[in-house]
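Counting starts at 1 for both ligands and their atoms, following the listed order.
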Amino acid sequence: MKNLLVTGGAGFIGSNFVRYMFQEYPQYNIVVYDKLTYAGNLENLRDVARDPRYAFVRGDICDADAVRDALRKHHIDAIVNFAAESHVDRSILDADAFLRTNVMGTFVLLEAAKEFGLERYHQISSDEVYGWVDKPALETDPLIPRSPYAAAKASGDLMVNAYYVTHGVPTTITRGSNTVGPYQYPEKVVPLFVTNALENLPLPLYGDGKQVRDWLYVTDHCEAVDLVLHQGKIGEVYNVGGENERENVEVVKIILDTLDKAPDLVRRVTDRSGHDRRYALDLEKIRALGWQPRHSFEQALTDTIEWYANNAWWWQKIKRGEYREYYEKQYGERLRTSEAVAV
Ligand code: NAD
Ligand code: DAU
């Protein structure tokens with residue numbers, strides 16, 4: 001494996017993965033293939049832009065001809081697919097692009113992997129495919145996705161498995177938990193709350209704030225994908241979690257304390273429809289491959305907060321664009337009818 005196609009590589013985790021892989025594998029060439037939706041941003045990759053091992057192709061994973069061209073032109077050995085519509089709240093507002101990219105796009109990439117006889121197709125999936133769980137999910141547990149986003153991701157996973165079983169495409173899947181770190185679009189809760197707090201704007205906490213997520217630092221996520229890509233068993237799925245299950249109120253408290261902001265910034269707003277109370281993963285399978293998360297919850301969060309505090313140039317530009325319209329649609333009415341909450 002020498003030439004990788006990283007789809008969605010201009011997004012949050014994908015761009016961190018590209019940086020990580022160049023450091024770990026100086027002999028690899030990486031082509032980022034990305035549509036540059038609202039969430040894709042070439043500034044996330046500015047530090048590798050002039051690297052001779054790096055190339056960028058602007059393209060849609062649903063466009064079979066463009067995918068084939070990229071595979072042929074760059075002699076690709078393996079695809080790592082990060083490309084997706086990734087935000088649950090947007091999937092509640094409009095699920096159309098989620099089905100196209102997360103389901104049809106995955107199918108197009110699998111077809112191309114089959115046609116070109118690639119060494120590996122790796123799918124980046126999510127712990128959300130298991131749905132709301134009351135105990136850590138095993139890779140063999142049923143998929144019970146509950147949001148349009150999660151249902152589209154689960155459909156992608158099922159298609160990956162079908163191409164392994166039916167066509168012998170050498171696939172692997174990682175199902176990651178809530179990831180934090182540099183370059184995450186400020187619609188997700190941590191960058192949203194950190195950047196709002198830095199601007200003394202309200203932090204819209206959904207419902208009672210007692211929903212539980214398992215927080216994972218982005219470089220730990222990248223290391224796990226690397227390990228599965230190189231040492232994972234073909235046809236298998238691996239959970240990747242941070243072992244940091246926390247309620248949202250605990251996340252908010254750390255953000256406020258770290259930035260020395262008053263608790264009255266937090267506003268209780270109408271809950272997310274169908275809001276899953278808890279995601280949690282059993283990590284035994286990936287542990288057996290020799291991986292474990294390196295970042296504690298506090299480290300993951302404080303490193304992330306520090307990055308946003310030091311890189312206002314990156315997120316202020318985003319918050320001036322398309323984001324404003326989305327923010328008004330998502331939070332305008334919610335915030336106008338919100339109430340103060342003690343955290
Ligand atoms: P992101 O939204 O930051 O980035 C997604 C990238 O995909 C963007 O660069 C976007 O331009 C690109 N893209 C979207 N549609 C495309 C298309 N049709 N063709 C080509 N490119 C397209 O997402 P992220 O948070 O970095 O997530 C990456 C992957 O990891 C996704 O598959 C997501 O489901 C999964 N995941 C994310 C998390 C998390 O906490 N962020 C956790 C587990 C799994
Ligand atoms: O679990 C993995 C998933 O994590 C990924 O597959 C998704 O791509 C990623 O977006 C993330 O999904 P979540 O829905 O868990 O993340 P989000 O940051 O949107 O929300 C985290 C928690 O914070 C959730 O319980 C909802 C809550 N929240 C979120 C927002 C945006 C709020 O209370 N207020 C908010 O404004």
Heavy atom of Tyr185 under 4.0 Å from ligand 1?
-> no

The single option from Thr172, Thr106, Asn81, Thr171 that satisfies side-chain hydrogen bond (donor to acceptor under 3.5 Å, both in side chains) with Tyr121 is Asn81

Nearest protein heavy atom to atom 13 (P) of ligand 2, by residue and atom, and its distance?
-> Glu128 OE2, 3.4 Å

Any N/O pair His221/ligand 1 closer than 3.5 Å | no

Any heavy atom of Lys188 under 4.0 Å from ligand 2? The part involved is both

Checking heavy-atom distances from atom 4 (O) of ligand 2 to each of Val212, Leu205, Asn178, the winner is Asn178

Cys62, any N or O under 3.5 Å of ligand 1 N or O | no

for atom 5 (C) of ligand 2, nearest protein heavy atom and its distance come out as Tyr149 OH, 3.5 Å

Do Tyr185 and Trp315 have ring centroids that are under 6.0 Å from one another?
-> no

Side chain to side chain donor-acceptor pair (under 3.5 Å): pairs with one or both residues in residues 226-237, sequence neighbours excluded | Tyr20-Asp226, Tyr25-Asp226, Tyr25-His230, Tyr28-His230, Asp226-His230, Glu236-Lys285

Counting each atom of ligand 2 from 1 as listed, which ones have a heavy atom of Asn248 under 4.0 Å away?
-> 22 (C), 23 (O), 24 (C), 25 (O), 27 (C)

Heavy atoms only: give me the nearest Gly176-His221 pair and the separation to one decimal.
-> CA-CE1, 4.0 Å

Just jot down the ligand 1 atoms closer than 4.0 angstrom to any heavy atom of Gly59, in number order.
-> 19 (N), 20 (C)

For ligand 2, note which part of Val190 has a heavy atom under 4.0 Å away: side chain, backbone, both or neither.
-> neither

Top protein contact for atom 32 (O) of ligand 1, by heavy-atom distance | Lys153 NZ, 2.7 Å

Within the 4.0 Å heavy-atom cut-off, what Leu192 brings close to ligand 2 is side chain

For atom 9 (C) of ligand 2, what is the nearest protein heavy atom, given as residue, atom name and distance?
-> Ser86 O, 3.9 Å

Sequence neighbours left out, what pairs pass side chain to side chain donor-acceptor pair (under 3.5 Å) with at least one residue falling in residues 145-163?
-> Glu111-Tyr163, Ser125-Asp157, Arg146-Asp276, Asp157-Arg175

Between Thr7 and ligand 1, which part of the residue brings a heavy atom under 4.0 Å of the ligand: side chain, backbone, both or neither?
-> neither

Give the residue and atom name of whichever protein heavy atom lies nearest to atom 21 (N) of ligand 1, and the separation in Å to one decimal.
-> Lys35 N, 3.1 Å

Ala10 touching ligand 1 at heavy-atom level, < 4.0 angstrom | yes

Determine whether the side chain, the backbone, both or neither of Ser125 has a heavy atom under 4.0 Å from any heavy atom of ligand 1.
-> backbone

Could you tell me whether the side chain of Arg213 and the main chain of Glu245 form a donor-acceptor pair under 3.5 Å?
-> no

How far is atom 25 (O) of ligand 2 from its nearest protein heavy atom, and which residue and atom name does that atom have?
-> His275 NE2, 2.7 Å

Quick one: do the Glu187 and Tyr326 side chains pair a donor with an acceptor below 3.5 Å?
-> no

Proximity to ligand 1 by part of Asp34, non-hydrogen separation under 4.0 Å | both

Answer with side chain, backbone, both or neither: which part of Gln184 has a heavy atom less than 4.0 angstrom from an atom of ligand 1?
-> side chain

Does ligand 1 have any atom that is closer than 4.0 Å to a heavy atom of Tyr149?
-> yes

Would you kindly specify which portion of Tyr206 sits under 4.0 Å from ligand 2, judged on non-hydrogen atoms: side chain, backbone, both or neither?
-> both

Close N or O approach (Gly176, ligand 1; < 3.5 Å) = no

Is the closest N or O pair between Asp276 and ligand 2 shorter than 3.5 Å?
-> no

Backbone or side-chain N or O of Asp89 under 3.5 Å from ligand 2 N or O = no

When you look at CG of Asp260, are more than 12 heavy atoms from neighbouring residues, nucleotides or ligands closer to it than 6.0 Å?
-> no

Protein contact of atom 18 (O) of ligand 2 - nearest heavy atom, named by residue and atom, plus distance = Val189 N, 2.7 Å

For atom 2 (O) of ligand 1, what's the nearest protein heavy atom and its distance?
-> Ser86 OG, 2.7 Å

Atom 20 (O) of ligand 2: nearest protein contact (heavy atom, Å) = Arg272 NH2, 3.8 Å

Which residue holds the protein heavy atom closest to atom 1 (O) of ligand 2, what is that atom called, and what is the gap in Å?
-> Asp127 OD1, 2.4 Å

Is it true that Glu187 lies under 4.0 Å from ligand 2, counting heavy atoms only?
-> yes

